[in-house]
Amino acid sequence: MSVNQQAHAGPPYGQPQPGYQGYQQPAYGGQPLPGVPHSQYGAYNGPMPGYQQPVPPQGYFPSLGFPSKGSPVSLNSDTSLAPNFIGSLRAPPTSGAPTPASGASLPSGHLAYSQFGQGDVQNGIPTSAAPMQRPPASQPFLPGSAPSPVSQASAFQQYGPPAAGVQQLSNHMAGMTIGSAAAAAPPPAGLGYGTPTSVPPVSGSFSAAGSGLYTPYTASQGPPPSVTQGLPLAQSPFPGQPMPAQRLPAPVPGFPPPPSSAGLGPSSYPPTTVAPRPPAMPGPPAAGPPAAQPNHVSSPPPPSAMAGPPPGPPMSGLHGPPPPTHPPQPGYQMQQNGSFGQVRGPQPNYGGGYPGTPHYGTQPGPPPPPKRLDPDSIPSPQLNELPPQQKPRHRIDPDAIPSPIQVIEDDRSNRGSEPFVTGVRGQVPPLVTTNFLVKDQGNASPRYIRCTSYNVPCTSDMAKQSQVPLAAVIKPLAALPPEETLPYLVDHGESGPVRCNRCKAYMCPFMQFIEGGRRFQCCFCSCVTEVPPHYFQHLDHTGKRVDFYDRPELSLGSYEFLATVDYCKNNKFPSPPAFIFMIDVSYNAVKSGLVRLVCEELKSLLDYLPREGNMEESAIRVGFVTYNKVLHFYNVKSSLAQPQMMVVSDVADMFVPLLDGFLVNVNESRTVIASLLDQIPEMFADTRETETVFAPVIQAGLEALKAAECAGKLFIFHTSLPIAEAPGKLKNRDDKKLISTDKEKTLFQPQTSFYNNLAKDCVAQGCCVDLFLFPNQYLDVATLGVVTYQTGGSIYKYAYFQLETDQDRFLNDLRRDVQKEVGFDAVMRVRTSTGIRATDFFGAFYMSNTTDVEMAGLDCDKTITVEFKHDDKLSEDSGALLQCALLYTSCAGQRRLRIHNLSLNCCTQLADLYRNCETDTLINYLAKYAYRGVLSSPVKAVRDALISQCAQILACYRKNCASPSSAGQLILPECMKLLPVYLNCVLKSDVLQPGPEVTTDDRAYIRQLVTSMDVAETNVFFYPRLLPLTKADVDSDSLPAAIRNSEERLSKGDIYLLENGLNIFLWVGVNVQQGLIQNLFGVSSFSQISNTLSTLPVLENPFSKKVRSIISMLQMQRSRYMKLIIVKQEDKLEMLFKHFLVEDKSLSGGASYVDFLCHMHKEIRQLLS
Ligand SMILES: [Zn+2]
């Protein structure tokens, strides 16, 4: 069968569900649910009238998310001839290259705050739109007595409907304090409130562009710390940044631990046995939680699994001679690129072709050739103890097949030293594992956009023939290292940004000015648009505007526009957003110490809310709710002596019992908030309530934001399956027997559509939901995560949460989550030049039409992967252009547009496509595609489709681009030579091939995380980084060179670190020298090392310092805090560790790299024959 004849497979996971036209993201909510009318996915007519725009001229799509100006020409628009992007603050234009302001000068755009004063411009929207409040079914809190549902019900009856009742009630409640005894003592001065929130502006302005927040790194260190680097929040006390005064004593690695947590040892908590355990309480398993709890694996595999490797896939029994091999050749020789088909050494059987499949796995072949011994590799005892027939039979020298480590190292040495300058169309950037600086000269930095290929086939036929997906992984608010400049903010005044009349694309470097500068031709749709008078500028002799280098939107790939009121909901500038903290106070949460921990942490963390670069304090208001079966709202108005609690027991129809005093400014209400946070743990210390509600909690937050007419974020700390009688109530439907059946997909689907509808309401309000889960058993992440997912929120899971071992991880995650940059009420649109268009989207968001990606919140870590398809021919001359426009509200309530532009080359030769691909990005796309596929197709079908697509990609290369050679040779394109090894990692990941230790919640959780990952994150997640520590140079800042993820690379005499972005393991060999053990652990022998440590002891010797600094550096690089797990060789935890040695055969049946490569070769040969 010839590759050419392969029909384009289309979506290999089946046809789109019929009910979802227009709804491009079946990920969550895309699932057909019984009894749910399809209309729920119909056009969304949410309360966003401000987004409507006049009916556009025919022939183009309405720009729903980005209304155009009625008339961009304004009489007083002369002022915007001198936009706030002031030339004087920039270096004078020099020839050739734009010279953005140096790091030390202000990106002047951020001075443009006068615009914000337009908040009083309204288009007839009445301000008195405060929703009618129903009277709360509230009651005073009686110390020591749990709220009684009966009395609440009667309390609710007392209040009549009149709105006036609210005020009366407030007054009534004002006399009621929360437990006089508990409330009596004012918070001690030292509780963390000594310092005003007006934290000295460390880097006051945006000038430092990330301002010292960036952990210094050297070229020889690991991947670019793009994940954690340079949050542009001037106040974010990242390590490496000067800390605001006395607030943050020298932090432990990771996030700035506010002082309050320092004293929060386990000892400061009351014994957890105080509260009697109610009989109905579902508790942790009798065996207790595992000693070390990795981020997503819930328990070590059962011992029985260790008896021997389960049967592998068919190719694992390969007996026929595999393809000949030779080391991958560096350089760029097309035919030989990645080819490793030649004979390696004295291996006579390798010269010929593949003898075909009859021998494949059926009978013992000739004795395997001697395996080349790697001096570094000392086989572990386990391997030696295996019966001979179970030893890996390596027909192929593992050193002769493409090595991820080699590719990473080569790219680092070749491309890590020079800045990546974005002035050239279609340039492939350095790998995500290479540290490099970016100079924006007209295309967006790869930190914002990466593509699967930088050379797009000109025709749809060519694209289908290659099967290479065309996709871009976009991280619109990515953090930058301090050396790089944040996007400038351009203010065009009342007239707003200049846009194409037809397609509404924003002014960008690729627009062509004509007729002496009076008009411009759109680079996306070719329409000619008049230049507004205020924007007119003469052209120089080359046709370039003379102000080219003075305007970011003409010379840079990324920039921001200040949005006018037309871009705001209801034609009204937004209010600053709010954060609402919602704490589960049921028995489990209290008993584990979680409630106390959260309250203590918030006392200091609230001083670090995100703020605009040049503002002294955060504009974000805060509110507090606690809940179990009922909800408790708190009035923390600054004028109160004590906080007041209002209980809402009618969870069936949630409302917010108070408006005034619920959302407050932290500084103004400091004392009341501190008092509240002191009292909450006491109030519920003796609770016996084990049941919780969940949906009403989100509804409460949503209603509160609606009432306050603002966007915001809910931080929900939740422990259990919500089984209490309430909307969104769930049942335990976990069933591992469904694995590998056609019904497996239901495990990933939400069990009710309730949360999809709730998510839709949340997105309409700009209510983003972040979820911190602390389960001791199944809590249905697939359902609880729906709202988080569709609102662009983050989910964190801490199974079997134990204060002693897990608080570091939780607190670091929480600190980062609260402080990180986030845009609210966001809408993203990706425009493309004629010929291709965005057809599919992957990530955490909601879509109500086919083009606009809506996110209640979008933070600096979130990525959206966009797939493109041809709808016409492209030309090599004009190339292909992408423009990503993100409309969002900043943390201070400023409405902005962030624009990223990228130009790609187009090709008529397949070889050009394969020469300009990026495998890491391809894997990001394929993983997200497959992880969405499991919602609607059997997992095996998803795996098979992945293999088939990749085999077609590689076969097409072999057929069309490689020089004729023996069929026995496997020839891979240089840029894709790691495709097989990485693909195998995706195939054997927990979502697609779970081992016995992986729970249903783990899989749903991982699925959700991966869907928002950027390329660097998927890269290390699927192929973890493994560092030999005894080879580390204690005198330098550099990391030891990584090694490949295989057990045979481990030496018994060494110590290794392995990290994948979620977990970090320290593996200690049995033969490690005593001196090293003493230096690292402070004990005298291997047997004395405790595997329950989650940090290494602080010892004053170079090796200990070096190892601890590497660990903390890795922890800081990642967007989630990785808890350290100590693994001793031959200890039971080693099974967990081996799960991450992804080049080896896995316990769950995943193939080894070598076996999988042979399998891929077979697939390719079948396609070619
Ligand atoms: Zn256009």
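In what follows, every heavy atom counts, from backbone to side chain, and hydrogens, waters and symmetry copies are set aside. Along the sequence shown, residues carry numbers from 1. Every number for a ligand or one of its atoms is a count from 1 in the order of the listing.
Aromatic pair Y535/H492: centroids less than 6.0 angstrom apart. The ring of H870 has its center no closer than 6.0 angstrom to the ring center of F868. Aromatic ring centres of F510 and F524: separated by at least 6.0 Å.
Within the protein, the number of N, O or S atoms lying under 2.8 Å from the Zn ion (ligand 1) is 4.
When the side-chain hydrogen bond (donor to acceptor under 3.5 Å, both in side chains) test is applied to D912, the partners found at least two apart in sequence or on another chain are R915.
Minimum interatomic distance between S875 and C906 (heavy atoms only, all atoms of both residues): O-CB, 3.6 Å.
Judged by the 6.0 Å distance and 45° axis criteria, R499 is positioned over the aromatic ring of Y506.
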